[in-house]
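Reviewing the structure listed below.
So that the names make sense, note that chain A is the first sequence line, chain B the second, and so on, each numbered from 1.
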Number of protein chains: 2
Amino acid sequence: MLDIAILGLLMDRDHHGYEIRTQLRDRLGVWANVSFGSIYPALARLERQGCVEAVTSSETRLSSLSTGSLSGERASLRSLRTTTGLGRRGRKVYRITERGRRDFVSMLADPATLDDGKNFSLRMALAQYLNPNARVGLLERRRGDLIARLAEVRVGANNELLDPYARGVMEHAAQGVELDLAWIDGLLSAERSNQESFAHDAK
Amino acid sequence: MLDIAILGLLMDRDHHGYEIRTQLRDRLGVWANVSFGSIYPALARLERQGCVEAVTSSETRLSSLSTGSLSGERASLRSLRTTTGLGRRGRKVYRITERGRRDFVSMLADPATLDDGKNFSLRMALAQYLNPNARVGLLERRRGDLIARLAEVRVGANNELLDPYARGVMEHAAQGVELDLAWIDGLLSAERSNQESFAHDAK
DNA sequence: CGTTCGATATATCGAAGTGATATTATATTT
DNA sequence: AAATATAATATCACTTCGATATATCGAACG
């Protein structure tokens with residue numbers, strides 16, 4: 001799953017490992033605290049698979065809208081001018097490959113494993129890279145999962161053998177699932193009205 | 001964290017590995033699908049640490065309120081009579097030790113690492129084993145974490161550099177945190193009114 | 001009656017993620 | 001000029017996951 005997150009960030013622009021961590025925090029909020037112990041192995045893995053490649057900083061592609069710490073970015077650019085060829089120190093900047101782009105979109109669209117809230121939120125945060133059909137597919141799949149889950153937790157919430165605290169947890173879980181469902185339904189109807197206005201424009 | 005969950009189940013009555021999985025699903029709903037690849041190593045670990053011990057089925061302590069599959073329990077009792085000493089086949093039944101009880105309560109009360117929703121729900125589901133002070137401590141700690149988190153996701157939700165999908169995820173996350181906060185506040189006021197009624201009874 | 005099937009039960013594997021820690025370079029503050 | 005904070009990569013042991021193997025039991029079926 002971290003692979004998707006990293007590739008998603010690299011779709012926008014090049015990044016190095018440390019930056020991936022900060023971006024993950026600022027842009028894909030769900031994955032608040034991913035540790036370096038995950039990121040560096042993941043980058044090595046993705047490079048091995050040919051999904052990303054390390055580039056020298058001089059040819060780094062920077063986005064126009066540099067999200068977040070502008071000062072830091074400017075600082076690194078300044079030092080870039082003064083350092084020797086390979087860019088600032090040990091900084092390894094990664095770029096996504098064609099292969100990586102393909103893999104990213106197919107992984108994003110295909111919820112092989114039925115995902116938990118965190119995984120799904122990640123997918124939605126990157127949904128701009130999906131076509132409308134894939135988005136609706138993802139949403140409907142999630143909707144089904146949530147309805148099943150709601151039934152489960154409601155059983156728990158009504159199980160009189162459980163002590164009050166455990167039942168309270170179940171009740172709260174049910175409310176959480178309901179909130180998720182409302183969100184999904186909202187997104188689904190938004191997708192549909194988008195498609196309609198599309199059809200309307202086309203005729 | 002799985003250690004807490006397992007010990008929590010064993011506080012109620014003895015269990016074997018497979019049963020721990022089903023109980024985790026039925027009673028501590030948050031931990032829906034814990035795999036055997038986690039449970040068996042965890043049991044071995046706990047045994048090594050002296051928190052649990054394996055007992056022969058004949059001396060198994062069964063709870064009066066046998067939650068869930070009664071038929072299965074009866075079946076195992078029947079076969080117990082017909083099999084040789086060590087109880088049904090390879091079934092290894094674990095019992096919590098005195099040491100385990102102590103460790104359990106201290107681990108449960110002490111959120112060393114600031115925990116995510118899943119971890120906290122687990123603690124709350126087992127809150128019956130905590131004294132009121134420890135419960136309130138846990139709740140207040142959680143409350144602080146949630147307020148901090150709410151501020152974070154609100155920043156994300158209002159970040160105009162993020163695309164609409166990413167922002168939608170953040171907005172939904174904020175709603176989730178608000179729901180969690182409302183739950184915590186409800187629990188806190190319940191704890192307080194309990195204490196009051198206690199004081200009232202005492203005078 | 002045998003046999004097949006689903007649930008019960010333990011175990012182990014590799015892959016992935018966590019949290020801690022080490023190390024070094026650069027930037028900022030004093 | 002020194003101290004401190006932050007940027008940056010890397011590695012460690014440990015935990016968890018998901019898949020898979022294997023064996024037994026009870027029930028259903030022809």
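- Here C:dT18 is the nucleotide among D:dT11, C:dT10, C:dT18 with the atom lying nearest to any side-chain atom of A:Ser35.
- Rounded to an integer number of Å, the gap from A:Arg21 CZ to D:dA8 P is 13 Å.
- Considering only side-chain atoms of A:His16, the nucleotide from C:dT10, D:dC17, D:dT9 that sits closest is D:dT9.
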Show your reasoning for whether side-chain contact (heavy atoms from CB on, under 4.5 Å) applies to B:Met124 and B:Trp183.
-> CA-CA 11 Å; B:Met124 271 304 110; B:Trp183 181 46; 4.0 Å; yes
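- Nearest heavy atoms, B:Leu126 versus B:Phe104: CD1-CE1, 4.0 Å.
- Position along DNA chain C of the nearest nucleotide to A:Leu2 versus A:Phe36 favours A:Leu2 as the more 5'-ward residue.
- Whole-Å rounding puts the B:Ile6 CD1 to D:dT16 C1' distance at 12 Å.
- The listed nucleotides are C:dT10, C:dG17, C:dT12; the one nearest the side chain of B:Arg91 is C:dT10.
- Closest approach of B:Arg135 and B:Leu130 over heavy atoms only: NH1-O, 3.0 Å.
- When distances run from any side-chain atom of B:Tyr40 to the nucleotides C:dA11, C:dT18, D:dT16, the shortest one goes to C:dA11.
- For the pair A:Ile39 CD1 and D:dA8 P, the computed distance is 13 Å after rounding to whole Å.
- The side chain of B:Tyr18 lies closest to C:dA9 when the candidates are C:dA9, D:dT9, D:dC17.
- For B:Leu139 against B:Glu191, the heavy-atom pair with the smallest separation is CD1-CG, 3.9 Å.
- Atom CG in B:Leu46 sits about 14 Å away from atom C1' in D:dT16, given to the nearest Å.
- Computed from coordinates, the A:Asp3 CG to C:dA16 C1' distance equals 9 Å when rounded to whole Å.
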Begin from the C-alpha positions of A:Arg95 and A:Leu10 and carry the test side-chain contact (heavy atoms from CB on, under 4.5 Å) through to its verdict.
-> CA-CA 6 Å; A:Arg95 167 173 305 168; A:Leu10 292 179; over 6 Å; no
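- Straight-line distance from the CG atom of A:Asn119 to the C1' atom of C:dA16: 12 Å, rounded to whole Å.
- In this structure, B:Arg45 atom CZ and D:dA13 atom P are separated by 17 Å, rounded to whole Å.
- Map B:Gly37 and B:Thr22 each onto its nearest nucleotide of DNA chain C; the residue landing nearer the 5' end is B:Thr22.
- Taking atom CG of residue B:Leu43 and atom C1' of nucleotide C:dA11, one finds them 12 Å apart after rounding to whole Å.
- Listed nucleotides C:dT10, D:dA10, D:dT16 differ in distance to A:Lys92; the shortest reach to its side chain belongs to D:dA10.
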